[in-house]
Amino acid sequence: MTTLEKAKLWLSDTFDKETRDAVQFLIDSNSPDLEDSFYRELEFGTGGMRGIMGVGTNRLNKYTLGQATQGLANYMLQQFQGEEISVAIAYDVRHNSKEFGKLVADVLTANGIKVLLFKNHRPTPELSFTVRDKKCNGGIVLTASHNPPEYNGYKVYWNDGAQIVPPHDEAIINEVYSVKFEEIKFEGNDDLIEWIGEEQDDVYIDTCIENSTYQDVGKGNLNIVFTSIHGTTYTTVPQALEKAGFKKVDLVKEQMIPSGNFPTVDSPNPEEPAALEMAMDLAKITNADIVIGTDPDGDRLGIAVRNLEGEIQLLNGNQCNTILTYYILDQWKKQGRITGKEFIGSTIVTSDIFFDIAEKFGVDCKVGLTGFKWIGKMIRDFEGEEKFVCGGEESFGFMTGDFVRDKDSCGSIILACEIAAWCKANGKTMYEYLIEIYQETGMYYEGLINIVKKGRDGAEEIQNMMKNFRENPPKELAGSLVEEVKDFKEQTNYVVSENKKHVMDDIPKSNVLIYYTQDGTKVCVRPSGTEPKIKFYVSVKETITSKEDFEETLKALEEKIEEIRKDLQLN
């Protein structure tokens, strides 16, 4: 079926007049958007279903959301026969998120499923927490994380509060794709909706504080700047910091206003220094020790601290997680809580420093595919056998404890501020604390290279790039021979010196390649599951013996990453 033929199906009476008119306009105007709107169906990636809002099968709209929710309802009615099924729903600040939240609720209640619906914007981790706290069978959050304003998305959680993983994800997708648009039940039953709000915030915040604090040192003397970057954490983080005992918190007031336009930034992504520019400017005025920003749905956080020159500098995700993980395990050790049956969680694209930290403290480091849903799966798989301590991934996500089964900025912010206060009370900065950790583990440094390829042609180009890197792996990177090639799609580990492929089936299949060189360099290659990008995660390592060596070593590692970029011909 051609794209035009697919589009014409949306001119039937199954679709409302507004939708039909919009599709007819695309056809009549011969719009280039027609092809991208209908050439495929939206897929569930590592973060669920995410796409540009508009009409079409490859757009997020009333019908694609309705189809996804009807398929989910069908599956839940099969899985929980005879039970009163309930689903919690939250949504972020994006355009249409509130309306989409009610739409999704209506489809569920039309199928006889009870809905716990937040009255207003709430962070994704609070949704995850609520699923478990209210003993729901599942959860849904409407969000596109830090994508541009024209995007929105839909993430599904199971009854453990974690995002869906096999076998549920594949089974749900099969149900979704078997739903015809005319079969969607849109006529909801408001009697099956329970509205939730501030009272749930209090329970969530109290639990964050309980699971993320270890000592009360210097909290009243720490200068904090916080920004929600127009996102959902305006509802939780300021209250949480105050309740946790931090007295000096300055807010970037212009960015505490929720807005799907994200008017003060080009991208509401705390991974990018530009997103925290206003916060850093405020930090200069207030002489802040730490700057923190969160993304629109409040699961990711960016942390900036004073570097060796006294300037505010954004840490990368691996650096943040290194500090948080080391501190937590150090506190657990001092409290006698490490028995040898504990573990931390990480992902295959995250720094290998977490293996070194885990070994130092006598805990296990379990690794899964990209995405926090795999860390959530670890917790469930080992529940009752091993105790989960904390987990993180390089893309600015971290979680403390298992009360939330997704990355959680609120608990992580409370913890980060405690560490900053403790460091300040002991005459050092978080940056210097990081260098002290590097002196024990070796200094790891990472770079992320994103190659953007939009649209249908871009998707094909990304596939061809993956095919080429799979069939023609580099023989050396930055002068060091490649000694292993891990292919998670083929589930093989090719050891160059043996000229032999070993089976590697402990992690599910995924379109990811990892190259390891003889000097400890690691390069991961994968297409993004949520954005039109192919990503290259580069990690390099060097020994460091003192704080005085840090700057010189950092420069050498930065140059090495640039050399690897050239070797891979990434322009």
Side-chain angles (χ1 to χ4, degrees), residues 212-227 237 240-241 244-250 270-271 273 276 279-280 282-284 286-294 300-332 334 351 353-354 356-357 360 390 392 394 396-400 408-446 544 546-551 553-554:
S212 306
T213 55
Y214 294 90
Q215 55 183 332
D216 186 6
V217 179
K219 289 182 179 179
N221 194 37
L222 184 73
N223 295 321
I224 303 167
V225 166
F226 173 72
T227 174
V237 170
L241 287 171
F246 297 98
K247 308 296 184 185
K248 300 178 179 180
V249 182
D250 289 291
E271 297 181 55
L276 293 181
M280 291 181 181
L282 181 58
K284 294 174 184 175
T286 63
N287 196 31
D289 303 295
I290 185 170
V291 171
I292 301 170
T294 54
R300 299 171 193 249
L301 73 158
I303 298 175
V305 297
R306 301 276 173 187
N307 61 22
L308 295 180
E309 284 74 45
E311 300 295 324
I312 288 286
Q313 178 178 322
L314 180 66
L315 300 174
N316 69 37
N318 286 306
Q319 291 171 330
C320 292
N321 294 347
T322 294
I323 293 170
L324 301 180
T325 301
Y326 191 97
Y327 179 84
I328 290 174
L329 290 176
D330 193 36
Q331 293 300 313
W332 275 53
K334 289 174 180 176
S351 173
I353 193 172
F354 298 101
D356 296 337
I357 294 173
K360 172 180 172 56
C390 61
E394 57 75 40
F396 287 64
F398 194 80
M399 61 193 290
T400 63
D408 174 25
S409 69
C410 186
S412 302
I413 287 169
I414 294 167
L415 174 66
C417 289
E418 177 181 308
I419 297 170
W422 169 75
C423 285
K424 186 174 183 180
N426 284 276
K428 59 188 173 187
T429 65
M430 283 181 73
Y431 202 79
E432 290 171 317
Y433 182 49
L434 175 65
I435 295 172
E436 289 176 4
I437 297 170
Y438 284 153
Q439 288 173 234
E440 293 193 35
T441 62
M443 182 174 170
Y444 288 77
Y445 188 72
E446 293 79 31
I544 180 173
S546 70
K547 185 172 76 173
E548 289 68 34
D549 295 336
F550 177 77
E551 294 292 354
T553 305
L554 175 61

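Note that these values count all heavy atoms, side chains included, but never hydrogens, waters or copies made by symmetry.
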Under the 3.5 angstrom rule, does the side chain of [X] hit a backbone N or O of [Y] as a donor-acceptor pair?
| X | Y | answer |
| --- | --- | --- |
| Gln331 | Ile328 | no |
| Lys424 | Asn221 | yes |
| Asp250 | Val225 | no |

Please report the interatomic distance [atom1]([X]) to [atom2]([Y]), rounded to the nearest 0.5 Å.
| X | Y | atom1 | atom2 | result |
| --- | --- | --- | --- | --- |
| Asn321 | Asn316 | CG | CG | 9.0 Å |
| Asp408 | Arg300 | CG | CZ | 14.0 Å |
| Cys423 | Leu222 | SG | CG | 10.0 Å |
| Ile323 | Glu436 | CD1 | CD | 10.5 Å |
| Thr322 | Ile357 | OG1 | CD1 | 4.5 Å |
| Leu276 | Thr294 | CG | OG1 | 9.5 Å |

Least distance between heavy atoms, [X] atom then [Y] atom:
| X | Y | value |
| --- | --- | --- |
| Glu418 | Ser212 | OE1-O, 4.0 Å |
| Lys219 | Ala244 | NZ-O, 3.2 Å |
| Ala288 | Ile312 | O-CD1, 4.0 Å |
| Gly392 | Phe398 | CA-CD1, 4.0 Å |
| Tyr431 | Leu308 | CD2-N, 3.9 Å |
| Cys320 | Ile303 | SG-CB, 3.8 Å |

Working note: Ile292 + Val237, criterion side chain to side chain contact (heavy atoms under 4.5 Å, CB included); need CA distance, chi angles, decisive distance, verdict. CA-CA 10 Å; Ile292 301 170; Val237 170; over 6 Å; no
Name the orientation class of the two ring planes belonging to Tyr438 and Phe550 (parallel below 30°, tilted from 30 to 60°, perpendicular beyond 60°).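 Taking Phe550 first and then Tyr438, their aromatic rings lie parallel (interplane angle under 30°).
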Pairs satisfying salt bridge (charged side-chain N to carboxylate O under 4.0 Å, His left out), at least one member in residues 301-328, at least two apart: none
Flag the pair [X] / [Y] as yes when at least one side-chain heavy-atom distance between them is below 4.5 Å, and no otherwise.
| X | Y | result |
| --- | --- | --- |
| Leu415 | Tyr214 | yes |
| Lys360 | Thr441 | no |
| Gln439 | Ile435 | yes |
| Gln319 | Tyr444 | no |

Could you give me the CA-CA distance, side-chain angles and deciding distance for Cys417 and Ile224, then say whether side chain to side chain contact (heavy atoms under 4.5 Å, CB included) is met? CA-CA 8 Å; Cys417 289; Ile224 303 167; 3.6 Å; yes
Under the criterion side chain to side chain contact (heavy atoms under 4.5 Å, CB included), I'd like the reasoning laid out for Ile413 against Phe226: C-alpha separation, chi angles, the key distance, then a yes or no. CA-CA 10 Å; Ile413 287 169; Phe226 173 72; 3.9 Å; yes
For a quick check under 3.5 Å, do Ser351 and Glu446 share a side-chain donor-acceptor pair by atom type?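 Short answer, yes.
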Using a strict threshold of under 4.0 Å (side-chain N to carboxylate O), is an ion pair present between Asp330 and Lys334?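 Judged by the 4.0 Å cut-off on N to carboxylate O distance, Lys334 and Asp330 do form a salt bridge.
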Hey, do the aromatic rings of Tyr327 and Trp422 have their centres closer than 6.0 Å? yes
Mind running side chain to side chain contact (heavy atoms under 4.5 Å, CB included) on Thr429 and Asp289 for me, showing each step along the way? CA-CA 8 Å; Thr429 65; Asp289 303 295; over 6 Å; no
Take atom NZ of Lys247 as the centre, draw a 6.0 Å sphere, and report whether it contains more than 12 heavy atoms from other residues, nucleotides or ligands.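 Not more than 12 within 6.0 Å, no.
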Other residues, nucleotides and ligands only: do more than 12 of their heavy atoms fall within 6.0 Å of NZ on Lys248?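 Yes - once you tally the heavy atoms of other residues, nucleotides and ligands closer than 6.0 Å, there are more than 12.
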